[in-house]
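The sequence lines fix the lettering, A, B, ..., with proteins before strands; numbering per chain opens at 1. Heavy-atom basis, side chains included; hydrogens, waters and symmetry copies ignored.
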There are 2 protein chains.
Amino acid sequence: MDEERPVAANMIRPAGEVALDDVDRAIVRILAADARTPNSTIARRVGVAPSTCLLRVRRLQETGVVRGFHADLGPEALGRPLQALVSVRLQSHARAALGSFAERLATLPGVLNVFFLAGANDFLVHVASTSPEDLREFVVRNLNAAREVASTETSLVFEHVPGRGLQPD
Amino acid sequence: MDEERPVAANMIRPAGEVALDDVDRAIVRILAADARTPNSTIARRVGVAPSTCLLRVRRLQETGVVRGFHADLGPEALGRPLQALVSVRLQSHARAALGSFAERLATLPGVLNVFFLAGANDFLVHVASTSPEDLREFVVRNLNAAREVASTETSLVFEHVPGRGLQPD
DNA sequence: CTTGAAATTATGATGCA
DNA sequence: TGCATCATAATTTCAAG
């Protein structure tokens, strides 16, 4: 009696800014801090009825304010204590295949983010590795060995400080 | 009768890798995909009793495999459609204040991440802005104007592809 | 690890401003 | 339109086996 949750059948395209009132903003803040907070608790904290709160949360999802809820995993506990940012410069003729190349990168184990960068005409790969050897092999095998890649530059991440992010005031 | 949830009184420091069995890995995958999946649904999908599943989830939190659950917010819907990565190089004498400087940066609206980079002896700020003017003002006011900062280099993010991340096979 | 039962929560229908 | 109340189904949670 549950199986697949439709989540949001008619998702509004995240084209423009969505108007939020104080209740919406409070809900967003709570869900950003702890996505598993029960609906009834959110309702009480923001001062509305649970049914109203449920409607608000669903609307926030439908309007693209909330795109999803995810567990935040600990890299060290999962055996990937070493993070790096790898800046990649492509061959000037290989720009066409950029999309599919990055898509493939994004599916590799340990790849946290891929950023396409405008301006420098290259991209940045954020990766978590099990060891320095693993990192080196990742860069050599998946980046340097690719025909599309002209050069790479690897920077070790000494510390990662999550910002306050997108939370509304 | 709920108020503050203690979450994990005796949190194990994320010093080393944690051994996971198939059930743990399946739970992690489900929570990474949708952190609001009901415990009973997780239990059925991974093939254990709900009470067992609840214990597993709590252990995953205590051991640092799961650090938290967060709503994924849409930058466009929240009025910050423009993302950038700003590489910052510090004055060679200002390294001591690096920590507090980055801490302060991380609390500014729109700052998604701050990465301390070893090797290049500088750091990278991932920021979401409301407009090009807003981005420019952010860089000038919070970075260039700081005494500690020697130089910055801003790259616009053309597209952000989330990787498969840390999910176990 | 499971069963089972009590407390808590989610959710939709309905009525009110 | 937006919200609250209420009733019912589902879930969480813990004690025992």
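Across all strands, B:Ser51 comes closer than 4.0 Å to base atoms (heavy-atom distances).
For the pair B:Leu55 CG and D:dT11 P, the interatomic distance rounds to 18 Å; values are reported in whole Å. Rounded to whole angstrom, the span from the CD1 atom of A:Ile27 across to the C1' atom of D:dC3 amounts to 13 Å. C:dT8 atom C1' lies 13 Å from atom CG of A:Asn39, rounded to whole Å. A straight line from CZ of A:Arg45 to C1' of C:dT9 spans 15 Å, rounded to a whole angstrom. Distance A:Arg36 CZ to C:dT8 P: 19 Å, rounded to the nearest Å. We find that CD1 of A:Ile42 is positioned 12 Å from P of C:dT9, with the value rounded to whole Å. Spacing between atom CG of B:Leu54 and atom C1' of D:dA15 amounts to 14 Å, rounded to whole angstrom units. Per the geometry, CG belonging to A:Leu20 stands 14 Å off P belonging to D:dG2, to the nearest Å.
Of all nucleotides listed (C:dG12, D:dT11, D:dT13), D:dT11 comes nearest to the side chain of B:Ser40. Listed nucleotides: C:dT11, D:dA4, C:dT2. Nearest to the side chain of B:Ala49: C:dT2. Of the candidate nucleotides C:dT2, C:dT9, C:dT11, C:dT9 has the atom nearest to the side chain of A:Pro38.
The aromatic rings of B:Phe115 and A:His160 lie parallel to each other, with less than 30° between the two planes, well short of the 60° mark.
Salt bridge present: B:Asp24 and B:Arg56 bring a charged side-chain N and a carboxylate O closer than 4.0 Å.
No more than 12 heavy-atom neighbours from other residues, nucleotides or ligands sit within 6.0 angstrom of CZ on A:Arg141.
Interatomic distance, A:Leu31 CG to A:Leu60 CG, rounded to the nearest 0.5 Å: 8.0 Å.
For D:dG2, the OP1/OP2 oxygens have no side-chain nitrogen or oxygen of A:Arg56 closer than 4.0 Å. Within the structure, every side-chain polar atom (N or O) of A:Arg44 is placed at least 4.0 Å from both OP1 and OP2 of C:dT9. Under 4.0 angstrom from either OP1 or OP2 of D:dC3 there lies no side-chain N or O belonging to A:Thr52.
A donor-acceptor pair under 3.5 Å is formed between the side chain of A:Arg36 and the backbone N or O of B:Ala35.
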